[in-house]
**Student:** 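Quick one: the structure is below, questions incoming.
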Amino acid sequence: MNGIIEGKITAVKQHNNREEKSQILQAKAGRWERILVILRKSKARFIPEILVEKLLMLSAVVSIMALLLISVFIFSRGVPLIASVGLGDFLFSLEWKPIQGKFGIGAMFVGSLLLTSASLAWAVPLGLLTAIFMAEIAPPPVGRIMTRMVSLLAGIPSVVYGFFGLVIIVPLIRNYLGGTGMSVLAGAIILGIMILPTIINISRDAIQAVPLVYKESSLALGASHYQTIGRLILPAASSGIITAVVLAMGRAIGETMAVVMVTGNAAIIPDSLLAPLRTMTSNIVLEMGYAAGDHQAALFATGAILFIFILLLNLLLNFIRRAGKRYAGN
Amino acid sequence: MEKAIKMKSRELNLFYGNFQALYNINMDIEENRVTALIGPSGCGKSSFLRSLNRLNELIEGSRISGEVFLDDSAIYEKGINVVELRKKVGMVFQKPAVFPMSIYENVAYGPRIHGIKKRSELDEIVCRSLQSANLWDEVKDRLVAPANQMSGGQQQRLVIARVLAVQPEVILMDEPASALDPISTARLEELIAILKTRYTIVIVTHNMQQAARVSDYTGFFLHGCMLEFNRTEELFLNPRHNKTEDYITGRFG
């Protein structure tokens with residue numbers, strides 16, 4: 001009997017205790033609201049805030065203006081020339097004879113595409129396998145060290161890559177495969193190394209972003225680690241991996257300095273991997289020093305084509321990301 | 001009545017590095033019954049569940065001593081095929097982890113892994129598994145739709161169908177209803193009641209009522225020890241241990 005009464009007393013005490021707590025909480029909430037009102041009214045806090053806001057907006061506007069100015073400049077100088085030559089002729093004619101007024105960047109157009117595909121052809125598989133190793137197989141400390149090393153690889157200036165290619169790769173090709181060594185192959189090797197960090201980092205992130213519970217579920221169904229990687233993790237990370245490839249493609253198309261140094265730069269369509277080629281970017285950097293008049297305009301037009309290329313790649317990226325969202329996440 | 005023991009653990013200790021997560025667990029899991037594991041967060045019940053299909057091995061630095069048996073074969077013995085073990089002991093996780101593919105491909109994932117290629121055979125397995133998981137009528141017209149467009153409750157039943165598709169003997173469920181609304185939870189519990197006629201089920205739950213409703217046996221875990229294991233109604237009505245009573249009446253945890 002006593003026990004029951006005691007129990008009831010405890011219950012009542014607990015109840016009172018709870019009410020007290022909620023009152024204290026309400027009082028606290030009230031205090032916060034008052035503080036917020038004071039803060040909103042205080043001008044001392046307001047003025048720096050307006051300044052910060054304006055500063056941020058100014059920075060944003062300057063960045064956007066830079067983009068706008070560059071595009072307007074490139075297109076205003078380049079488009080009239082493309083119009084007078086004709087877009088088809090400009091893009092596909094193989095005759096690049098600036099002195100005779102013949103501006104066809106066909107060889108360079110093909111050169112850019114060829115060099116980019118050649119470097120992607122070996123760098124994508126290698127980079128993807130590296131990313132899988134780093135994300136799934138390497139013990140975490142090894143993965144961390146590799147991540148740092150890949151970042152270092154990304155930080156090497158492109159002229160150093162070019163120099164390395166010129167001093168090491170080009171002579172190797174000349175001695176063992178023939179030709180001058182200044183070739184598509186040399187360019188593809190150097191460019192491939194340069195885009196490896198992009199491919200590795202972005203695909204590794206995509207693979208690591210696949211929820212752990214997918215992996216556990218797959219293993220719990222009796223799949224092996226490699227079956228899980230091949231049938232579940234890679235498909236789940238596919239939109240990220242494609243993003244990596246597209247970004248690497250953008251980087252490869254835009255790369256100039258290293259490419260100029262090792263590819264020989266003849267404005268012809270190469271007939272073998274050992275023949276020289278010239279890319280659109282090389283074309284600009286090689287001739288801008290002395291070009292004038294229509295010739296200069298033709299170089300701007302080359303830049304405009306590159307610009308459109310990158311724009312298309314960006315659109316493609318947006319499209320991939322949207323398609324990726326259809327299946328991703330829960 | 002003769003009890004058929006499907007799985008049992010003997011003197012099972014589990015360590016994560018220097019931390020001991022389980023102490024001397026001895027448990028008999030009866031065939032075609034639902035065994036519930038309850039206890040506060042971090043008490044080791046999920047770790048125990050994961051040691052039944054050796055999924056704890058994925059965690060770096062985990063070690064085990066003692067033994068776990070499935071039908072009298074020791075699953076931690078050297079030379080045991082982990083793939084075969086996990087085929088027999090399926091698992092459903094807390095958050096319904098549907099794979100980013102179609103409903104059909106989700107269910108067909110396991111059979112494909114295990115080498116079934118013929119479309120007609122796959123079709124039949126998918127259909128049968130979805131029916132067993134009480135999901136067929138809801139999805140039969142949109143098997144090619146992305147699985148993540150389903151509701152949470154449907155996703156959890158899809159995950160169960162995916163487990164059923166590899167024809168397991170034991171199904172482990174790690175808080176399968178904790179992310180579901182009450183109606184989906186009720187449907188899941190109905191499903192468990194049907195599934196136990198053909199499978200042995202071990203379920204971890206935070207929900208005392210759920211343990212009482214669905215299970216035949218209940219084990220109460222605290223700080224890595226199994227304090228009490230008994231028939232569910234015994235454990236809930238006459239707990240032998242006062243810590244068990246405190247927990248099931250909601251006085252701590």
**Student:** Got a sec: does the CG of B:D72 have more than 12 other heavy atoms crowding it under 6.0 Å?
**Tutor:** no
**Student:** Set out, in order, the CA-CA distance, both residues' side-chain angles and the distance that settles side chain to side chain contact (heavy atoms under 4.5 Å, CB included) for B:I113 and A:R231, then state yes or no.
**Tutor:** CA-CA 9 Å; B:I113 289 278; A:R231 299 194 190 204; 3.7 Å; yes
**Student:** Look at B:K88, B:R54, B:R112 and state which one has the largest set of heavy-atom pairs under 4.5 Å with chain A.
**Tutor:**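 With the most close heavy-atom pairs to chain A, the winner is B:R112.
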**Student:** Can you tell me which portion of A:P140 sits under 4.5 Å from chain B's heavy atoms? Options are side chain, backbone, both or neither.
**Tutor:**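 Side chain only.
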**Student:** Considering only heavy atoms, which portion of B:Q94 lies under 4.5 Å from any heavy atom of chain A: side chain, backbone, both, or neither?
**Tutor:** neither
**Student:** Please name the pair of heavy atoms, one in A:G222 and one in B:V83, separated by the smallest distance, quoted to 0.1 Å.
**Tutor:** O-CG1, 3.1 Å
**Student:** Does any heavy atom of chain A fall under 4.5 Å from the side chain of B:V82, the backbone, both, or neither of them?
**Tutor:**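 Neither the backbone nor the side chain of B:V82 comes within 4.5 Å of chain A.
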**Student:** Would the number of heavy atoms belonging to other residues, nucleotides or ligands and lying under 6.0 Å from CZ of B:F15 be above 12?
**Tutor:** yes
**Student:** What heavy-atom pair brings A:A220 and B:N53 nearest, and what distance separates the two atoms?
**Tutor:**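 Minimum heavy-atom contact is CB-ND2, 4.0 Å.
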**Student:** CG of A:L315: more than 12 outside heavy atoms within 6.0 angstrom?
**Tutor:** yes
**Student:** Any chance you could lay out the side chain to side chain contact (heavy atoms under 4.5 Å, CB included) test for B:L55 and A:E216, step after step, and finish with the verdict?
**Tutor:** CA-CA 8 Å; B:L55 209 59; A:E216 290 185 330; 4.3 Å; yes
**Student:** Would you check if the side chain of B:H114 reaches a backbone N or O of A:L221 as a donor-acceptor pair within less than 3.5 Å?
**Tutor:**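 Checking the backbone N and O of A:L221 against the side chain of B:H114, a donor-acceptor pair under 3.5 Å is found.
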**Student:** B:M150, B:K87, B:R162, B:M91: which one forms the most heavy-atom pairs within less than 4.5 Å of chain A?
**Tutor:** B:R162
**Student:** Between A:A223, A:S224, A:P139, A:P235, which shows the greatest number of heavy-atom pairs under 4.5 Å with chain B?
**Tutor:** A:A223
**Student:** Mind listing the closest non-hydrogen atom pair of B:F99 and A:L232 along with its distance?
**Tutor:** CG-CD1, 3.4 Å
